Amino acid sequence: MKATVRLTLPDGSVKEMPVGTPARAIAEAVSPRLAKAAVAAAVNGEVWDLNRPILGDATVEIITDDDPRALDVLRHSTAHVLATAVRQLLPDANIGFGPAIADGFYYDFEVARPFTPEDLERIEERMREVAQRGHEFVREEVSRDEARERFLDDPLKLERLEELGDDEVISVYSDGGFVDLCRGPHVQSTDRIKHFKLLHAAGAYWRGDSSRQMLQRIYGTAWFKQADLDAHLRRLEEAEKRDHRTLGKQLDLFSIHEDVGPGLILWHPKGATIQFELKRFIEDELLRRRYDLVYTPHVTREQLFFRSGHLPLYEDHQFPAMAAGEGESQEFHYRVKPMNCPMHTLVYASRQRSYRDLPVRLAEVANVYRNELSGTLHGLLRVRGLSMDDAHIFCREDQIEDEIFDLIDLTDLVLHRTFGFEYRIDLSTRPAKKIGSDDMWDVAEAALRGALERMGLTYGIDEGGGAFYGPKIDVQLRDAIGREWQGATIQLDYQLPERFELEYTGADNRPHRPVMIHRAILGTVERFVGCLIEHFAGAFPLWLAPEQVRVIPISEDQKQVAHAIDERLRARGLRSSVDDRNETLNYRVRDGELVKVPYMAVVGRREVEQGSVAVRVRGASKKQAIMSVDEFEERAVRQVRDRSLSLE
RNA sequence: GCUGACGUAGCUCAAUUGGCAGAGCAGCUGAUUUGUAAUCAGCAGGUUAAGGGUUCGAGUCCCUUCGUCAGCUCCA
C-alpha cells in the first residue's frame, strides 16, 4: 500500500502527503491565514470535513468562510448545536432532521409539548454555551448494526437508517455528547459558531407527510460575521415593512372579508386601478403579438372536466358540484372552473382548422376558483379566487421553437424590461411517468432548448421535473430585496389535444394533431400585484400608481386654479385629484407622501401669477421644481407612455 | 386539512390577581388661510369575532364555530 497520496490544489500544484492527511493540514501548510479562514474542503468536488483523512489521490480545494458552500456547513453545524442544546434541556426529545436551508437551518423534534417563545430563548442561551465550549465535531463511520445500537432510543433516526442502501457509508457525528446520524460535513469545532439566532418554531409533519406524526420544528439563521447576521435580520425587517398585506391596508388597495370568505379578494378602487393597468398592458402586448382574446364562462357542466382529466384527479382543488336549476334535467352537475384550458380547447375545436391557421393563440385574463387548503392561504399570494393571465397556443410541432422564443421574449419584456426584475429560468424535462413517445419528447425538449439558446439565455435543468403531459419552462423572478417568486410558466401539452381530439388539416390534406402550449406570464394577477407591492414597497411607477398627481392649493385663493389644473391633467388621461381640504400645507404634503403619490403639484400665489406649479416628487423632500403646467403635463404623460420606472 | 399562537373603535395598540372598556391616528363640526412630512378646539365612534358555559361579576377562565398569523403539504 502506498504511503503517500498526490493532492492537486486549485492552482495546479501537487502536494505529496502521507495517506490520511486531512485537508486542514494542507491549509496550514499553505498559510496560517488560509487555515484560519478554512471551514471545509472540496475533495474531488465533494464537500468534506477539514479533519477527514484523505486516503487516495485527489483534488483538494480549501473552502473558506466567504464561500457560499461554507455557509451551508456552518448552518448545518448550528442545527446540530441546536439539537445538542435541546437534548440537554429535554433529554427525552426525539430528533428528526436538521438540515441547512436557504438563509439558515432548522431542526425537527418530537417533544411532549410545542416550544414557546420562552423555550426558544432558553434554548438559544444554551446553544451559546455549547458553542463556546468548543466541542470538536467528530466523524465516525459505523456499521449498520452499530448505528442501530447507537440510535436505539431514536425511532425517527432508526427509520431513516433502515432506508439507507447497503452500499452507502453510514456516518455518525458527535459534538459534546450529542450524537446524530448525519452525512456531514461540519465545521471543526462548535466554537466556530458565533453569530446565530433562533427565529421561530412551528409544527411540521415527519417526512412532510400529513398522515404521520407532527414534530416541532425550530428555525434559525447563522452567519460567519455579526455584520452579516445583522444585515440578514434587517432584511427580514425590511421584508416585513414591505408586506403586501400591511401595505394593501395602508394604501387602501384591497381587503378580504370574512363574510365573503377566505382567499377571496375585494379589490378597492386603488387596487383595481393597478390591476386594470396591468391587464391593459398585457392585453395590448398580446394583441400586438397576434393573440386573440376570448371570454369563457366561470361555471360549466362538470363533464367538461371529466373529459379533460381534471376530475377526479384535481377534485380536491375544485369547489363541490352544484345541482342544475329546478325544472331542468338533473343529469348535469355544474362546477366553478379552476382552469381555462378545456374551454379554450373547445373554442379551437369549434371549427375546422387548416395548417395555415396555426398557431392559434387564445388568451383570456380569466377568473378561476380553486379550493386551496385553508392553511395555505396568504394575502394575495395564495388565494382561492384568482385571475390568470392565461393563454393557450395551438401549433404544429415545427412551430414550437418559434412560439417558445416569442414567449421568452414576452416574459423578458414584461418582467425585466417593464418591471426591472431579474429572473432565473429552469427547463424541466421528461419524468419517469409520462405519456407520449420518446420521439415526441425529444422534439419537444429540443424545441424548448433551441429557443432558450437562440435567446442566448443561461438556464438550469430540472431533469425529470416536467409534467407527465409535457416539458415546461419555469421562470423565478427576483425582487428588489433579493427574494425569489414563481413568475411565468410555459408548458407543452400533448395530452389535452389527445383527449379533445383536436385536429388541423395539413398540407397533405390529412388530419393532424396540434400541440398545445399553456402559458402564464404574470402567473396570476393577484400574486403578481402582491409581488409588485412588495417589490416597489408600495411606491409604484407613475403608470401603475392609482393616484398619479395630487394638486394642492396653498390657500383658498388658489382653489379654482388648482381645480382647473386637475381638469387639464384628467383630460390628458392622468389620474389626478385636488386636495383642497382645510388643513395646513404640511399636513397635506405628509398625507400625500404617506400614500406614496408620485407627484404633488403645489399651487400658491406665485404659481398662479406665473401659470406654473411647484412639483414635489415622491420621496424627494425639499427639492421641488417650479415648471409651467404645460411642461409638467408633458413630462407626466411621457413617463406614463414609456412606463418609466423612475420619476423625474 | 393538520399543529401552535392570536382576534378589543375604520387603523395601530392599552386595560394589574376576574372588578366602571381606554389612548393616538383616521372621521365629523367649528376656528384658523396655511410655501413642502402632523394648527387648535369640540363631537362622535364598541353586543371586546360569533355562540354557549363557569362566576355575585368575564375583554380576561372553559367549550364550540368563524377568521387571522407562523409553519407542514401542494402549487400559480
Side-chain angles (χ1 to χ4, degrees), chain A residues 96 106 108 111 113-117 119 199-219 243 245-246 249-250 252 255-263 314 316-317 338-339 368 370-384 386-390 467 474-475 485-489 491 518-528 530-531 550 552-559 580-595 600-607 614-626:
Chain A
Y106 67 78
D108 287 339
V111 283
R113 61 163 180 84
F115 296 110
T116 63
D119 291 335
L199 297 174
H200 52 259
Y205 296 110
W206 170 233
R207 316 298 303 257
D209 182 345
S210 57
S211 67
R212 307 290 305 266
Q213 71 268 46
M214 184 160 279
L215 308 181
Q216 295 304 318
R217 176 171 296 177
I218 298 179
Y219 284 91
D243 191 308
R245 292 165 298 184
T246 315
K249 213 177 266 176
Q250 270 168 25
D252 195 18
S255 62
I256 299 171
H257 198 281
E258 201 173 314
D259 289 349
V260 177
Y314 198 69
D316 286 350
H317 288 265
M339 290 183 176
V368 300
R370 299 181 180 177
N371 196 6
E372 302 290 354
L373 291 179
S374 60
T376 63
L377 301 176
H378 182 94
L380 295 177
L381 303 183
R382 190 157 199 96
V383 293
R384 285 183 173 157
L386 43 121
S387 327
M388 302 193 68
D389 75 314
D390 207 3
D474 284 320
V475 177
W485 306 68
Q486 169 69 47
T489 173
Q491 307 184 353
H518 306 247
R519 44 108 290 181
I521 304 300
L522 304 179
T524 71
V525 176
E526 283 75 11
R527 178 177 289 183
F528 198 76
C531 174
R550 196 174 276 194
I552 306 181
I554 289 182
S555 75
E556 295 221 19
D557 294 340
Q558 294 90 36
K559 231 170 158 170
D580 55 6
R581 285 179 297 177
N582 180 14
E583 298 286 354
T584 60
L585 178 61
N586 274 327
Y587 179 93
R588 287 175 290 163
V589 165
R590 176 167 193 272
D591 198 57
E593 285 288 348
L594 286 179
V595 294
M600 280 182 261
V602 177
V603 188
R605 194 168 42 81
R606 291 200 297 274
E607 285 74 21
V615 178
R616 181 191 166 103
V617 179
R618 176 180 60 205
S621 54
K622 301 267 180 195
K623 276 184 261 164
Q624 318 95 41
I626 313 287

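This is a predicted model, so every value here is computed, not measured. By convention in this document, chain letters (A, B, ...) are assigned in the order of the sequence lines, proteins followed by strands, and residues within each chain are numbered from 1.
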message: Using the ring-ring contact (aromatic ring centres under 6.0 Å, His included) criterion, which residues pair with A/Trp206? Sequence neighbours excluded.
response: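 Per chain and number, A/Trp206 pairs via ring-ring contact (aromatic ring centres under 6.0 Å, His included) with A/Phe97.
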With sequence neighbours left out, what residues match A/Tyr219 under ring-ring contact (aromatic ring centres under 6.0 Å, His included)?
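ring-ring contact (aromatic ring centres under 6.0 Å, His included) check on A/Tyr219 returns A/Tyr106, A/His200.
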**Report entry** Stems formed with participation of RNA chain B [Watson-Crick or G-U wobble, under 3.5 Å, three or more pairs]
**Finding:**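 Stem list for RNA chain B: B:1-7 with B:66-72, B:10-13 with B:22-25, B:27-31 with B:39-43, B:49-53 with B:61-65.
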Base, sugar-phosphate, or nothing: which does [X] touch, judged by heavy atoms less than 4.0 Å apart?
X	answer
A/Gly208	sugar-phosphate
A/Arg217	sugar-phosphate
A/Glu556	base
A/Ala201	nothing
A/Arg245	sugar-phosphate

| task | Go through the structure and list residues passing side-chain contact (heavy atoms from CB on, under 4.5 Å) with A/Val602, not counting sequence neighbours. | result |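 Listed in chain order: A/Ile552, A/Ile554, A/Leu585, A/Ala614.
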task = State which residues pass side-chain contact (heavy atoms from CB on, under 4.5 Å) with A/Val111; sequence neighbours excluded, sorted by chain then number.
result =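 side-chain contact (heavy atoms from CB on, under 4.5 Å) check on A/Val111 returns A/Leu90, A/Ala93, A/Phe109, A/Phe115, A/Gln216.
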| query | Between B/U36, B/C72, B/U33, which one does the side chain of A/Leu585 approach most closely? | reply |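 Selected nucleotide: B/U36.
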Among all residues two or more places apart in sequence or in another chain, which pass the side-chain hydrogen bond (donor to acceptor under 3.5 Å, both in side chains) test with [X]?
X	result
A/Asp243	A/Arg245
A/Gln558	A/Ser555
A/Thr116	A/Glu118, A/Asp119

Give each protein N/O atom lying under 3.5 Å from an N/O atom of nucleotides 3-6 of chain B, with the pair distance.
none

Short N/O separations, protein against nucleotides 11-14 of chain B, under 3.5 angstrom:
unit_1 : atom_1 : unit_2   : atom_2 : d
B/U12  : OP1    : A/Lys249 : NZ     : 3.4

Which protein N or O atoms sit under 3.5 Å from an N or O of nucleotides 24-30 of chain B?
unit_1 : atom_1 : unit_2   : atom_2 : d
B/A26  : OP1    : A/Tyr587 : OH     : 2.8

Would you say that A/Met600 contacts A/Glu593 through its side chain, given a criterion of any heavy-atom pair below 4.5 Å between the two side chains?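 Result yes, sub-4.5 Å side-chain heavy-atom pair found.
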Using a cut-off of 6.0 Å, state whether more than 12 heavy atoms not belonging to A/Arg212 lie near its atom CZ.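 For A/Arg212, atom CZ is crowded (more than 12 foreign heavy atoms under 6.0 Å).
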Could you list, one pair per line, each protein nitrogen or oxygen that sits under 3.5 Å from a nitrogen or oxygen of nucleotides 45-49 of chain B, together with the distance?
none

